[in-house]
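Structure record follows, encoded as structure tokens.
Everything quoted here is computed from the prediction, not taken from an experiment.
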Amino acid sequence: MAGRFAPLNRTAVRGGRTDVPPGPGGTAGAGAVERRLTPDGPVDLGLTLGPLRRGPADPTFRTTPDGSVWRATRTPDGPATLRVSRTGTEIDAEAWGAGAPWLLDHLPALLGAGDDPAVFVPRHRLVHASHRRRPGLRLTRTGLVLESLIPTVLEQKVTADEAYRAWRRLVRQYGEPAPGPHGLDLHVMPDPRTWAMIPSWDWHRAGVDAKRSDTIVRAVRVANRLEEAAAMDLPEAVRRLEAVPGIGPWTSAETLQRSNGHPDAVTTGDLHLPGIIGYALAGDRDADDAAMLELLAPYAGQRHRAARLILLAGRTPPRRTPRMPRGDIGRF
């Protein structure tokens, strides 16, 4: 769940839904490492992998008309590109690049194999209806912290469009073309050293203020320590991330929802989320974090899943004020 809400944009991260066109999937490309996975239950690729997409033009994420989801990433073994598609009840995967074996080894977790949606018990009519309509919702676990942390920091205190623009510009300028088939125009995000070397004027041109860029630079300097959080329990992982100045509860939760796939990593400190959940469950559009957590208390252990189902239900309070204006410090 991103830090800003765009209820009518199906490709927005809020709620974690990305439309994947129906199709037979692609054919194996040259040099690909392949794997076929039979999930132990329904898996909706759009719902499961959607939270990894940072806007409709994310240079690291793509869906194609043949029903494939493409993802470029930087693994501990190096850059890699992954394509996943459905064939009946099975999921086919291909990967390219130095990190291809690592990606395929972690494919089950990416598709929610470590998630157990059966333990979730809806306590509200709206949540029950949303849960029933989405049996394929599984919580992804990438096992990669930095690739979720950096775009989340970019989303701090700005509109989604501003954050997505910054992510696109920086990844295309400082990342590298993703391995694999040509024509997709995918890029792998920069490595930690490259992030740390971005000059101040390029952060500025990307619309990123000093507070956010400084947080990213501090984080990449301890990248190895932060990546260890992917194997930690939630409280320990939160402490590890929040030891970096500039990373607070909102940022750590949004990151660990993706890297660790924890069903209870509920987001606090969000501008809109408490009002959305308060309105959906109790008609209280002015709910704060305390009220939101009280409403989600019956879902202890599964509060992140409950919040996603509420967001996916689409019951949001009517807008009372104009949208937050888009800023661009790069123009000054």
Spacing of L256 atom CG and R141 atom CZ [to the nearest 0.5 Å]
9.5 Å
Carefully, step by step, assess W70 and T64 under the rule side-chain contact (heavy atoms from CB on, under 4.5 Å).
CA-CA 8 Å; W70 295 78; T64 50; 3.3 Å; yes
To check you understand the geometry: which heavy-atom pair defines the closest contact between R71 and T142, and what is its length?
NH2-CG2, 3.7 Å
Pick out which of E162, E155, E147 makes a salt bridge (charged side-chain N to carboxylate O under 4.0 Å, His left out) with R54.
E155
Would a distance-only check, ignoring hydrogens and angles, find a side-chain to backbone donor-acceptor pair under 3.5 Å from R305 to R308?
no
Least distance between heavy atoms, R35 atom then L107 atom:
CD-CD2, 4.4 Å
Passes side-chain contact (heavy atoms from CB on, under 4.5 Å), T268 versus L273? Steps please.
CA-CA 8 Å; T268 57; L273 185 61; over 6 Å; no
Stacked cation flag R315 on Y279, 6.0 angstrom / 45 deg:
yes
With a 4.0 Å cut-off on N to O distance, would you call R225 and E228 a salt bridge?
yes
Closest heavy-atom pair and its distance - T267, A253
CA-CB, 4.0 Å
Any carboxylate oxygen within less than 4.0 angstrom of a Lys/Arg side-chain nitrogen, looking at R138 and D40?
yes
Apply side-chain contact (heavy atoms from CB on, under 4.5 Å) to Q257 and T255, showing your working.
CA-CA 5 Å; Q257 287 163 7; T255 300; over 6 Å; no
Just by distance, do the side chain of D209 and the backbone of K211 share a donor-acceptor pair under 3.5 Å?
yes
How many angstroms lie between atom CG of L111 and atom CG of D44, to the nearest 0.5 angstrom?
11.0 Å
On the 0 to 90° scale, with breaks at 30° and 60°, tag the W195-W203 ring pair as parallel, tilted or perpendicular.
parallel
Pair Y299 + H124: ring centers closer than 6.0 Å:
yes
Under the side-chain contact (heavy atoms from CB on, under 4.5 Å) rule, what do L312 and S130 come out as? Steps first, then yes or no, please.
CA-CA 7 Å; L312 289 165; S130 184; 4.2 Å; yes
Could you tell me whether the side chain of D284 and the main chain of G278 form a donor-acceptor pair under 3.5 Å?
no
Ignoring hydrogens and geometry, is there a side-chain-to-backbone donor-acceptor pair from N260 to A229 under 3.5 Å?
yes
Is the closest basic N to carboxylate O distance between D264 and R303 below 4.0 Å?
yes
In Å and rounded to the nearest 0.5 Å, what is the CG to CD1 distance from L281 to I276?
11.5 Å
Checking side-chain polar atoms at under 3.5 Å, does T159 have a donor or acceptor matched by the opposite partner on D161?
no
Look at the side-chain heavy atoms of Ile, Leu, Val, Met, Phe, Trp and Tyr, link any pair under 4.5 Å apart, and say whether L139 and L311 land in one connected group.
no
Quick check for you: to the nearest 0.5 Å, what is the distance between L170 atom CG and L154 atom CG?
6.5 Å
Compare every heavy atom of V145 with every heavy atom of A230, then report the nearest pair and how far apart it is.
N-CG2, 3.8 Å
Heavy-atom donor-acceptor pair, R212 side chain to K157 backbone, under 3.5 Å:
no
Nearest heavy atoms of A80 and P179, plus distance in Å:
CA-CG, 3.8 Å
Nearest-0.5 Å distance, NE2 of residue H131 to CG of residue L309:
6.5 Å
Using a strict threshold of under 4.0 Å (side-chain N to carboxylate O), is an ion pair present between R74 and E176?
yes
